[in-house]
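Input: a single structure, listed below in structure tokens.
Just so it is clear, the structure is predicted and the values come from calculations on it, not from any experiment. So that the names make sense, note that chain A is the first sequence line, chain B the second, and so on, each numbered from 1.
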Amino acid sequence: MFLIPTARVLTRSLPRHPLVRSSVTTLVGIAIGAATVLTIAPALRAQDATTSSSSNAALELIDDASVRTAIRSLITDAAANGLPTAPLVTKVREGVAKRATPDRIRSATSLLAQRLALASAALAPSRSADELAAGADALQAGVAQGTLREMRQLWPVKPLTIPLGVLAEMVASGVPHASASSRVKDLLRKGASTAQLAALGTSVRADIAAGLAPDAAMELRSKGVLNIIRQQTEFGIAAPTSPPLRPHEKR
Amino acid sequence: MPNANGAALVPVQGATDPASMNVPVQFVLDAREAADASQLSVVGDFNNWDVTATPMTLDAGVWSASLPMSQGRHVYAFVINGDRWIADPRAPRTKDSDFGRPSSVVIVQAP
């Protein structure tokens, strides 16, 4: 029995003891590295068709006609420029739900549109709404646009949604963005999987919560992942086709 | 089976839906963290920030809700009684520079 203390991805649990957890994390990292599921995002056109009515509904929730017009124009321009509009609609809904003023909603939506444009330029030729939204989040966290461009060069085909999310989270957690960006790029360059990157993010956050300095936690955990990758290469460890099952805990 | 805190949670082995690439995620909150709550919901970018979309249920001292989420980084919060927003006390927080409300972060990754 284990208590799930927070938002929990319902996959498989790891032992509680930190030392045990570290070793098991390693095994799981190796095991699921090759089993990472690649996301194929829907085409923007299909998405925008479904969000056009949604955007109208969202805009009607704003009690200011001039702001509604301004945001509608923003969304139209974004669509014309090939940007995903779903994140913009979601931002409007977020502002309404949080009872922000109309001007603040307009400002936040406008800034997001700008970040999506920057992300789109850096992550081209991606048209994935999820990936571009992750890029926009990373930019908001303080990651440089050039870093996004370099990540795309390192991973020209694989979706960067998870790596960008982890990078944004690391920066938001206090890891200096230059250091976090450098380490994530190094991991991409050396062949880390999205599962390994996601696990790294979890480990770094746990280390920081336990009192380790953010930069030190990032260095420690990224070196750990690099060691796993090196061992995989040196010893020819083949990743199984499915993650290992953890034995049930005795109750 | 109740744990030391009296909470009874059943671990769930989530199956990935290969069609949608969504991953089931469970949100939980110790009822003691929201002692005045008669209703609780989870809101985030995954449900269009709709306070009524994902109500949580209270069982054995724990509020919980499960829903499929796309892979990536998601921002969310809990809403108590429809109007009080709190961050998840056991998840990393994110600075909401847009609207200034407490928010938490979860990174969803398929197994």
Going through the distances and angles, do B:Ile107 and A:Arg205 end up as a side-chain contact (heavy atoms from CB on, under 4.5 Å)?
CA-CA 11 Å; B:Ile107 292 180; A:Arg205 285 195 302 272; 3.9 Å; yes
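Two residues are said to be in side-chain contact when any heavy atoms from C-beta on lie closer than 4.5 Å; A:Thr161 and B:Gln71 fail this criterion. With a 4.5 Å cut-off on side-chain heavy atoms, B:Asp83 and A:Arg99 count as touching.
We find the CZ-CD distance between B:Arg101 and A:Glu94 to be 10.5 Å, quoted to the nearest 0.5 Å. Atoms CD1 and CZ, from A:Ile162 and B:Arg73 in turn, are 11.5 Å apart once rounded to the nearest 0.5 Å. Of the inter-residue distances, the one linking B:Gln109 atom CD with A:Ser193 atom OG reads 7.5 Å to the nearest 0.5 angstrom.
Neither the backbone nor the side chain of B:Thr52 comes within less than 4.5 Å of any heavy atom of chain A. Contact of A:Ile208 with chain B is not made at all, since no heavy-atom distance falls under 4.5 Å. Proximity to chain B is absent for every atom of A:Val96, based on heavy atoms less than 4.5 angstrom apart.
Scanning all heavy atoms of the two residues, the minimum distance from A:Ala97 to B:Trp85 falls at O-CZ2, 3.3 Å.
Distance alone, capped at 3.5 Å, is enough to place a donor-acceptor pair between the A:Arg104 side chain and the B:Asp98 backbone.
Using a 4.5 Å cut-off between non-hydrogen atoms, the part of residues 40-50 of chain B that approaches chain A consists of B:Asp45, B:Asn48, B:Trp49.
By number of non-hydrogen pairs under 4.5 angstrom with chain B, the leading residue of A:Glu131, A:Lys91, A:Lys98 is A:Lys98.
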